[in-house]
2 protein chains.
Amino acid sequence: MDKKKIRIKDIAQLAGVSVGTVDRVIHKRGRVSDEALEKVLKTLHEIDYKPNLIARTLGSSKTYRIAALIPDPSLDEYWHQSFQGINHAQEEWAQYDFRLETFFFNLYDRNSFKKVAEAVLESEPDGVLISPVFYHEVLPFFELLKDRNIPYVLFNTNIPEVQPLTFIGQDLFESGKVGAELLHLQQKGAGTFAILHINENSLNSVHLLEKEKGFKEYFRENAPDARVLVLELNSQEEASVEKAIGMLLQNTELAGILVTTSKGASLVSDMLQAHGKDSIRLVGYDLLEENIKYLKAGIIDFLINQNPKRQAFLGISHLANYLLLRKEPPQQDLFPLEIITKQNLRSYLESGIH
Amino acid sequence: MDKKKIRIKDIAQLAGVSVGTVDRVIHKRGRVSDEALEKVLKTLHEIDYKPNLIARTLGSSKTYRIAALIPDPSLDEYWHQSFQGINHAQEEWAQYDFRLETFFFNLYDRNSFKKVAEAVLESEPDGVLISPVFYHEVLPFFELLKDRNIPYVLFNTNIPEVQPLTFIGQDLFESGKVGAELLHLQQKGAGTFAILHINENSLNSVHLLEKEKGFKEYFRENAPDARVLVLELNSQEEASVEKAIGMLLQNTELAGILVTTSKGASLVSDMLQAHGKDSIRLVGYDLLEENIKYLKAGIIDFLINQNPKRQAFLGISHLANYLLLRKEPPQQDLFPLEIITKQNLRSYLESGIH
DNA sequence: TAAAAAAATGTGTGCGCACACATAGCAAAT
DNA sequence: ATTTGCTATGTGTGCGCACACATTTTTTTA
């Protein structure tokens, strides 16, 4: 049971070479004779050598620089929470020589993203954390990162084909199913259920479409005779969106509504109250201030928490671990679909990062 | 923006003393003149010095030993999951010189706990992780640990008055409220709701009583005319417990049942099926295999996840951080009350430690 | 066959800290 | 006045690794 720490020195002794040679073998720096190579590899294999990551980082003392690309947090509470996660990670890793540079772009302006992406490349970071909102604009960016051998971590939205270091977020298809289930709970009979995409550019709708698919799939499986309505309300003017929601509420006898965008739920809550229809079940996303208010008031029945703060936090952590300690992160880090109600809300607000 | 790393050496230079003196001041080893002390403290205050924890651990290379005291995992799936968390933590911290020694006791035998506690003391660990099931037996144990200056971390059940290094777990009062809410969702009218304590020694019932209080509180606040039944079924023989449940089901028109012990829910599920009463809403605790089965089958409607694996994992991590890196953990680490349904179940099973 | 070039191998140093140990300074005891 | 016995202060070393550099061995070339 006494597994003493094996050092490079020990390996060297066992293999009958010097530490320098062992070092060269471990780091594949070449300049080693076949004979020595074999000896070292052999003992390296026999003894299960694990380098002391602590000592490793001590010596180098290189300052790593991570760039984080997210939508402007001052314009959107959801992204503000992501930003908090990034800042939290920075504190957590302050020990080490890390410089975290955050780049903001406008969520509704693909050109702003392009510009910012360029700036990131110019800054020559050692790693990148990004929420790839603009699919088409992001692809060439990843190409360039790949060329420069800069690892990148995706969060919030996944694009598996660009082979990021890792992805952090939720399974949005499953998320749509959970949303549907929460609307359908204890709803006897068929009824009509609506899924609303509000105020999100349709360009980055992969996101929303996944939820929609899951939503439909749930009813197909569990209540085939339920009616499913899909509405996409993309107008920039709030008034026209409100009007559309109003019409929906007047003309249709709804059993429940799922709002796929985190900001949309409060708008729908307003309308439900205005039309005296707050018995309609409403499910939204994320612990935004407004959403919390309506959840407490009983207008919103459930929120699905995407935990943006933790997503960003873990994104940075995975990068830091990879760069600093050479720890490979898992292929993807899928978060559970957290269901928030009036009663367990507090436990979520009070608990730290989970 | 360029905050170069400040080392002890720098402090020494600024204060006009040697590193040795600075070291003595930092570690309060005494043997420093008032004059020098003041100088060092002053610069130490001006410059915000943060020791490099990495370098600190490198030098010492002391082997820390942590003792974990938990109920025998081979007898109980819930504790098995805790055990997994402990093992996971061990892997995570394998880097460092850690030895994790796990001590098991019988959940139903206070004497076995006493014996094990003694063994722990004899092993002279540097830190202790424990789930304090037996309140009275555990108090003198903590006294002894305090005498010996051994830090201890509690998880699962809290005993704030013994002032542990930290506590990790859930707010059980809130948990009872959430359980009640889940039973009451969309239940029009008053109805009768039962809370069942099954097969848990009443000795460690602080646990269960807290949930019960929250349960009652919910109905007091939200449905004062609902009827609340409390049943405690402590018999060792399963048959007699089943009989009691059967009688309950036959004689009472129930709207919902909350089972406070993780193992109890599957028993109740059985009985609900046997009596053809599976429309009664059932809420239980934790992702035990049996519970998962009944949740998928729709007999159990919701599970509240206590996340024993993560509890234990974080317990060890907090201890390790404290011992190795001298990081003070938060006073308590409260977990959110996770609601599991048929639809989001998979996301919880697939996600790693969250 | 000697000299030069190239390849293989070995040695030394620093990273920042903790701690053991060495030395300086200074007062009390002889 | 010299020694002893303190305290205050300074110096040196090791932790395990990475990497620069020095040295040895082998190969090539004249």
Side-chain angles (χ1 to χ4, degrees), chain A residues 3-41 43-44 47-64 94-98 126 323-327, chain B residues 3-41 43-44 47-64 94-98 126 323-327:
Chain A
K3 35 177 176 178
K4 304 159 202 165
K5 292 277 153 189
I6 296 154
R7 302 154 302 171
I8 284 191
K9 207 175 167 182
D10 302 317
I11 301 287
Q13 203 162 25
L14 287 169
V17 296
S18 77
V19 288
T21 304
V22 176
D23 178 75
R24 275 182 285 269
V25 172
I26 288 175
H27 294 89
K28 292 172 187 163
R29 290 196 228 279
R31 320 214 137 238
V32 176
S33 68
D34 293 351
E35 190 190 7
L37 180 74
E38 199 186 347
K39 277 195 293 183
V40 173
L41 283 179
T43 55
L44 220 42
I47 311 293
D48 151 70
Y49 169 69
K50 286 184 181 173
N52 183 331
L53 304 183
I54 300 304
R56 171 176 289 176
T57 61
L58 221 213
S60 76
S61 88
K62 164 174 164 57
T63 299
Y64 287 98
Q95 281 310 314
Y96 307 82
D97 263 2
F98 262 104
D126 299 297
L323 291 173
L324 205 68
L325 309 178
R326 317 219 179 143
K327 277 193 192 169
Chain B
K3 34 177 181 181
K4 304 157 199 163
K5 291 278 154 190
I6 295 154
R7 303 153 302 171
I8 284 190
K9 207 175 167 184
D10 301 317
I11 301 286
Q13 205 164 21
L14 286 168
V17 295
S18 76
V19 289
T21 305
V22 176
D23 179 75
R24 276 182 286 269
V25 172
I26 288 174
H27 294 90
K28 292 171 188 165
R29 289 195 228 282
R31 318 214 142 235
V32 177
S33 67
D34 293 351
E35 191 191 6
L37 181 73
E38 200 187 343
K39 277 195 292 183
V40 173
L41 283 180
T43 55
L44 220 43
I47 312 294
D48 149 73
Y49 169 69
K50 285 184 180 172
N52 183 330
L53 304 182
I54 299 305
R56 172 177 286 174
T57 60
L58 222 212
S60 75
S61 87
K62 162 173 166 59
T63 298
Y64 287 98
Q95 280 310 315
Y96 307 83
D97 263 2
F98 263 104
D126 299 295
L323 292 172
L324 205 67
L325 308 179
R326 318 223 179 139
K327 276 193 193 171

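Lettering of chains follows the sequences in order, A, B, ..., and the numbering in each one begins at 1.
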A:Leu53 has an atom CG; how far is it from atom C1' of D:dC15, in whole Å?
15 Å
Side chain to side chain, A:Gln95 and B:Leu325, heavy atoms closer than 4.5 Å:
no
A:Ile8 side chain, from C-beta outward: closest of D:dA18, C:dC15, D:dG10
D:dA18
Output the single nucleotide from C:dC17, D:dT11, C:dT9 whose closest atom is nearest the side chain of B:Val19.
D:dT11
Do A:Leu44 and A:Ile26 have side-chain heavy atoms sitting under 4.5 Å apart?
yes
Side-chain N,O (B:Tyr96) to OP1/OP2 (D:dC15) below 4.0 Å
no
Length of the line joining B:Glu38:CD and D:dA8:C1', which is rounded to integer Å
16 Å
Can you tell me how far C1' of C:dT9 sits from CD of A:Glu35, to the nearest Å?
12 Å
For B:Ser33 and D:dT9, is the shortest distance between a side-chain N/O and OP1 or OP2 below 4.0 Å?
yes
Is the distance from OP1 or OP2 of C:dC19 to the nearest side-chain N or O of B:Arg29 less than 4.0 Å?
yes
For A:Asp97 and C:dG16, give me the distance from atom CG to atom C1', rounded to whole Å.
12 Å
With nearest nucleotides of DNA chain C determined for A:Ala55 and A:Val17 from heavy-atom distances, which residue corresponds to the more 5′ nucleotide?
A:Val17
Which of D:dT9, C:dT9, D:dA18 is nearest the side chain of B:Ser18? It is D:dT9
Under 4.0 Å between a side-chain N or O of B:Arg31 and OP1 or OP2 of D:dT7?
yes
It should be established whether A:Arg56 places a side-chain nitrogen or oxygen under 4.0 Å from OP1 or OP2 of nucleotide D:dA18.
yes
Protein-nucleotide distance (B:Asp23, atom CG; C:dA18, atom P), rounded to Å:
6 Å
Look at A:His27 and D:dA18 and indicate whether a side-chain polar atom (N or O) is within less than 4.0 Å of OP1 or OP2.
yes
Shortest non-hydrogen contact from B:Leu323 to B:Tyr64?
O-OH, 3.4 Å
On a heavy-atom basis, the closest approach of B:Ile54 and A:Thr57 is CG2-OG1, 3.5 Å
Which nucleotide wins on minimum distance to the side chain of B:Leu58, given the candidates D:dC15, C:dG10, C:dC17?
D:dC15
What heavy-atom pair brings A:Ile47 and A:Ile11 nearest, and what distance separates the two atoms?
CB-CD1, 4.4 Å
Contact class for B:Asn52 (heavy atom, under 4.0 Å): base, sugar-phosphate, or nothing?
sugar-phosphate
Please report the shortest heavy-atom distance between A:Arg7 and A:Tyr49, naming the atom on each side.
C-CE1, 4.0 Å
side-chain N/O B:Thr57 vs D:dC15 OP1/OP2, d < 4.0 Å
no
Rounding to an integer number of Å, can you tell me how far B:Ile11 CD1 sits from D:dT9 C1'?
18 Å
Mind calculating the distance between CG (B:Asp34) and C1' (D:dT9) to the nearest angstrom?
14 Å
Roughly, in whole Å, what's the span from CG in A:Leu325 to P in D:dA18?
12 Å
Where each residue is assigned the nucleotide of DNA chain D containing its nearest heavy atom, which of B:Gly16 and A:Lys9 is assigned the position nearer the 5′ end?
B:Gly16
